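Below is one structure; the comments refer to it alone.
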Amino acid sequence: MKVAVLSGDGIGPEVTRQGVKVLEALAREGLAIEMETALIGGCAYDAGGHPLPEATLALARAADAILFGAEGGFEYETLPRGLRPGDALLTLRQELDLFANFRPIVSVPALIEASTLKREVVEGLDLMILRELTSDIYFASPRGIERDGRGERVGVNTMRYTESEIRRIAHVAFATARGRRHKVCSVDKANVLETMELWREVMTDVGRDYPDVELTHLYVDAAAMSLVRYPKQFDVIVTANLFGDILSDEASMLVGSIGMLPSASIGAGRRGLFEPVHGCAPDIAGQDVANPLASILSVALMLRHSFRRPDLAVRVEDAVARTLADGYRTADIVTPGTQRIGTEAMGDCVVARLMA
Ligand code: IPM
Ligand code: MG
């Protein structure tokens with residue numbers, strides 16, 4: 001298996017390094033894996049004037065899996081669109097047609113105290129946010145900032161979904177629910193937006209092929225409220241690109257910290273891009289304080305999906321759970337009575353338990 005390691009900017013390199021350590025440990029044990037690194041994001045822009053160099057795109061295309069870190073930084077926010085670090089990630093998702101983004105939200109017993117919500121609301125939580133990732137207002141035209149007839153500036157973006165785009169993410173949602181608790185909640189804004197009216201219609205239609213899966217619908221505003229009121233009612237939440245971006249950040253707080261959340265972006269085959277949900281966090285970069293568990297848990301998702309090695313995925317997830325149960329915490333999840341350690345040390349703790 002060929003893995004492209006694109007660690008990017010900010011805390012990306014230091015957290016990705018811990019994910020790589022896990023893969024290296026498994027390689028020493030016999031897992032056949034080749035890793036190659038390339039620049040992406042702000043560091044690629046600095047080195048060669050573009051956040052997604054041809055060589056990086058080529059490496060990603062040739063890889064079986066991509067381990068991605070984070071990208072961005074204050075200094076790049078005023079660059080023209082197309083040259084900003086975030087654009088590289090969006091292009092990569094679209095070029096590789098990674099339309100299905102899985103963001104599992106699973107409460108970890110040892111971290112219940114780190115959530116801002118009450119114990120009874122989050123204890124035992126296990127939900128999957130499935131976000132459509134290659135369409136919607138993120139990619140559709142027309143877009144831009146223009147002048148209208150009177151010379152006033154107008155910002156324009158377009159929410160757009162084709163029926164086939166909705167259909168394919170719907171099938172992924174129902175198939176995913178079959179491997180879980182057989183429930184899909186589709187989140188839209190069908191009361192106001194035609195795009196979302198089509199979304200609801202197609203979801204309902206595809207749902208007829210899965211009579212064993214219960215389908216419900218929620219408007220996105222109600223879904224945002226329900227997520228913090230009674231999140232355990234959900235099994236699989238399927239939603240559009242923009243709504244999924246927002247709801248997954250909200251849901252991250254249910255399990256204590258966004259620093260814990262991995263994600264998998266996949267297309268039709270085994271290839272996938274695996275990345276923490278958190279961003280580049282330039283304010284804490286290079287200080288050995290960032291939480292590397294989202295990157296390590298992204299490696300577990302990679303082992304499960306691209307390597308088809310659920311046994312190894314479970315081992316990595318167990319090693320993380322035991323590290324936490326043993327009381328080790330990075331700054332974002334530290335609570336009284338636990339021991340605060342740095343990024344590197346956290347990676348070492350997980351690897352030690354993985355190999356024990
Ligand atoms: C995410 C991020 C990205 C997104 C940004 C960095 C472009 O917020 O993966 O959730 O909006 O998709
Ligand atoms: Mg986001």
Side-chain angles (χ1 to χ4, degrees), residues 6-13 15-16 19 40-45 50-52 56 60 66-105 127-140 143 157-161 165 169 187 220 223-224 227 237-255 257-267 272-283 285 290-291 294-295 297-298 301-302:
L6 312 180
S7 58
D9 308 317
I11 59 171
V15 298
T16 307
I40 193 164
C43 58
Y45 175 81
H50 199 280
L52 183 61
T56 303
I66 301 155
L67 182 61
F68 183 86
E71 58 185 9
F74 308 124
E75 64 271 44
Y76 308 108
E77 278 164 19
T78 52
L79 284 174
R81 288 204 180 270
L83 293 180
R84 294 185 199 169
D87 299 336
L89 179 59
L90 296 179
T91 308
L92 204 53
R93 289 170 178 171
Q94 206 182 34
E95 285 290 319
L96 304 183
D97 203 22
L98 304 170
F99 68 90
N101 180 222
F102 290 91
R103 298 191 162 180
I105 315 283
L127 82 92
M128 178 67 82
I129 296 187
L130 176 59
R131 168 188 177 195
E132 197 290 328
L133 201 62
T134 51
S135 184
D136 199 359
I137 196 164
Y138 269 60
F139 294 99
R143 64 184 300 156
N157 290 94
T158 305
M159 180 174 271
R160 183 176 191 275
Y161 265 109
E165 286 168 340
I169 194 75
V187 172
V220 62
L227 262 178
I237 291 180
V238 62
T239 190
N241 202 347
L242 179 64
F243 298 158
D245 178 47
I246 299 164
L247 292 181
S248 57
D249 264 36
E250 184 194 7
S252 72
M253 261 301 130
L254 303 173
V255 291
S257 166
I258 198 168
M260 295 295 300
L261 240 61
S263 83
S265 306
I266 65 170
L273 183 150
F274 303 86
E275 57 167 320
V277 171
H278 65 67
C280 59
D283 51 322
N291 186 343
S295 179
L297 291 168
S298 296
L301 296 182
M302 176 190 292

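Every number for a ligand or one of its atoms is a count from 1 in the order of the listing. Just so we're clear, the structure is a prediction, and the values are computed from it rather than from any experiment.
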Could you report the tightest heavy-atom contact between [X] and [Y], atom names first, then the distance?
X: Gly73; Y: Pro282; value: CA-CG, 4.5 Å
X: Tyr161; Y: Asn241; value: OH-N, 3.1 Å
X: Gly82; Y: Pro51; value: O-CG, 3.8 Å

May I ask whether Arg103 has any heavy atom positioned less than 4.0 angstrom from an atom of ligand 1?
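It does; at least one heavy atom falls under 4.0 Å.
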Heavy-atom gap His278 to ligand 1 smaller than 4.0 Å
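Distance cut 4.0 Å: His278 fails for ligand 1.
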Return yes if a side-chain donor-acceptor contact under 3.5 Å exists between Asp245 and Tyr138, otherwise no.
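Judged by distance alone, the side chains do pair up.
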Do Glu132 and Thr134 have side-chain atoms, one donor and one acceptor, less than 3.5 Å apart?
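There is such a pair between these side chains.
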For [atom], what is the nearest protein heavy atom, given as residue, atom name and distance?
atom: atom 4 (C) of ligand 1; value: Tyr138 OH, 3.5 Å
atom: atom 5 (C) of ligand 1; value: Leu89 CD2, 4.9 Å
atom: atom 7 (C) of ligand 1; value: Leu90 CD2, 4.0 Å

If hydrogens are left out, which of Glu71, Glu275, Arg93 has an atom nearest to atom 9 (O) of ligand 1, that is, the closest non-hydrogen atom?
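Ranked by closest heavy atom to atom 9 (O) of ligand 1, first place is Arg93.
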To which of Asn101, Ile246, Asp245, Ile258 does the heavy atom nearest atom 2 (C) of ligand 1 belong?
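Minimum heavy-atom distance to atom 2 (C) of ligand 1 goes to Asp245.
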Is it the side chain (CB and beyond), the backbone, both or neither of Arg84 that lies under 4.0 Å from ligand 1, heavy atoms counted?
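For Arg84, no heavy atom sits under 4.0 Å from ligand 1.
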Taking side-chain contact (heavy atoms from CB on, under 4.5 Å) as the criterion, tell me which of Ser295, Pro104, Pro276 meets it with Pro262.
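That would be Pro104; it is the only one of Ser295, Pro104, Pro276 passing the side-chain contact (heavy atoms from CB on, under 4.5 Å) with Pro262.
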Using atom types as modelled and distance alone, determine if a side-chain donor or acceptor of Ser257 lies under 3.5 Å from a backbone N or O of Gly259.
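Indeed, once roles are kept as given, a pair shorter than 3.5 Å links the two residues.
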Identify, by atom number and element, the atoms of ligand 1 in contact range of Arg131, meaning under 4.0 Å from any of its heavy atoms.
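Near Arg131, meaning under 4.0 Å from one of its heavy atoms, ligand 1 has 1 (C), 4 (C), 9 (O), 10 (O), 11 (O), 12 (O).
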In Asp245, which N, O or S atom comes closest to the Mg ion (ligand 2)?
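Going by distance to the Mg ion (ligand 2), the closest N, O or S atom in Asp245 is OD1.
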